[in-house]
Amino acid sequence: MTRTERADAARNRRAVLDATERLLAEGGGDHVSIDRVAALAGVGKGTVFRRFGSRAGLLQALLEERSRALKEAIMTGPPPLGPGAPARERLTAFLDGLGAIAEGNAVLLSAHEQACAEDKYADPSYRFWHRHLSELLAEARPGLDAGFAAHAVLAVFDGGLIRHVTPPGDPRFFTRSVQRMVAALLGDLTGAGPEPGSAAGKAPSQDGVRT
């Protein structure tokens, strides 16, 4: 039987995650602390510690929330994200979805990387992405060391790198570049999209500040 979260606990959780998101937007990962989050959320420090365990746990929970829809689509959604499509099509769709999350949450990724550095590979989100990517790579190119290749691909999903390489007016540059890198790894540059930086490969400009 599934345990239902109490209404007050759900409100507190939402308030804590919203406070974390606001602090990240205001000052980056260094601005996020248990004390500041608790004060901004209007809850006690003990509430934050009991629910999330640590600053790292707090950032893990926020990242999991931001990526929940993609995870559900991969597991039970329609192809090409969900089961049923060829591995290479699923790879392209997965990298598009994960890239969109990374591009829209570069500050969160940087803070998460820093807070979870000592236990990065045990992080629930990382483990899920790595397992899924490994399976697709192994199916797409038998004989490839898929586990290592998946780690190598995920290593480029770095918040600082994303902000560094993304030009003004081309918010999907990073994702297209990763897709082409994986296509090259598989020995196939067809269907990977236009060359990053080319006129045809530039996405329309989007307003707003990405965090």
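Along the sequence shown, residues carry numbers from 1. What's counted below: heavy atoms across the whole structure, side chains too, no hydrogens, waters or symmetry copies.
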Considering all heavy atoms, the nearest [X]-[Y] contact:
X	Y	result
P80	A85	CA-CB, 3.7 Å
A56	A115	CB-O, 3.7 Å
A15	A41	O-CB, 3.5 Å
A9	R51	O-NH1, 3.6 Å
L136	A87	O-CB, 3.7 Å
E64	S125	CG-OG, 3.2 Å

>> If we check salt bridge (charged side-chain N to carboxylate O under 4.0 Å, His left out) with E103, which of these qualifies: R163, R172, R176?
In response: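 Single pass found, and it is R172.
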Would you compute the distance between atom [atom1] of [X] and atom [atom2] of [Y] and round it to the nearest 0.5 angstrom?
X	Y	atom1	atom2	result
T20	L62	OG1	CG	6.5 Å
H164	F174	NE2	CZ	12.5 Å
R180	L185	CZ	CG	14.0 Å
L24	S110	CG	OG	10.0 Å
S177	L161	OG	CG	9.5 Å
L17	R13	CG	CZ	5.0 Å

Taking the side chain as C-beta and beyond, is there a heavy-atom pair between [X] and [Y] under 4.5 Å?
X	Y	result
D35	K45	yes
L91	L133	yes
Q60	C116	yes
R55	S33	no
R11	D8	yes
T175	L98	no
I74	H132	yes
N12	V48	no

Could you tell me whether a side-chain N or O of [X] sits under 3.5 Å from a main-chain N or O of [Y], the two making a donor and an acceptor?
X	Y	answer
S67	L70	no
Q179	T92	yes
R90	G82	yes

> Which is it for W129 and F157 under the ring-ring contact (aromatic ring centres under 6.0 Å, His included) test, yes or no, and what are the steps along the way?
Replying inline: CA-CA 11 Å; W129 304 137; F157 283 82; 9.2 Å; no
> Under the side chain to side chain contact (heavy atoms under 4.5 Å, CB included) criterion, do V43 and V37 qualify, and how do the steps go?
Replying inline: CA-CA 9 Å; V43 301; V37 168; over 6 Å; no
> Is there a side chain to side chain contact (heavy atoms under 4.5 Å, CB included) between V156 and I162 once you walk through the steps?
Replying inline: CA-CA 8 Å; V156 305; I162 293 167; over 6 Å; no
>> Whether R22 and E26 form a salt bridge (side-chain N of Lys/Arg under 4.0 Å from carboxylate O of Asp/Glu) is what I want to check.
In response: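 So E26 pairs with R22 through a salt bridge.
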>> Any donor-acceptor pair under 3.5 Å linking the side-chain atoms of D123 with those of H112?
In response: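 Judged by distance alone, the side chains do pair up.
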>> Does atom CZ (R14) have a neighbourhood of more than 12 heavy atoms from anything else shown, all under 6.0 Å?
In response: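 Counting neighbours around CZ of R14, more than 12 heavy atoms of other residues, nucleotides or ligands fall under 6.0 Å, so yes.
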> What's the verdict on ring-ring contact (aromatic ring centres under 6.0 Å, His included) for H151 and Y121, showing C-alpha distance, side-chain angles and the deciding distance?
Replying inline: CA-CA 9 Å; H151 281 306; Y121 302 109; 5.4 Å; yes
>> Let's go through L109 and I101 carefully: what are the C-alpha distance in whole Å and the side-chain angles of both, what is the deciding distance for side chain to side chain contact (heavy atoms under 4.5 Å, CB included) to 0.1 Å, and is it a yes or a no?
In response: CA-CA 9 Å; L109 281 184; I101 292 170; over 6 Å; no
>> Is there a continuous path of hydrophobic side-chain contacts, each under 4.5 Å between heavy atoms, that joins F94 to F148?
In response: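 Shared cluster, no.
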>> For L40 and D18: C-alpha separation, side-chain torsions, deciding distance, then whether side chain to side chain contact (heavy atoms under 4.5 Å, CB included) applies.
In response: CA-CA 9 Å; L40 187 57; D18 286 348; over 6 Å; no
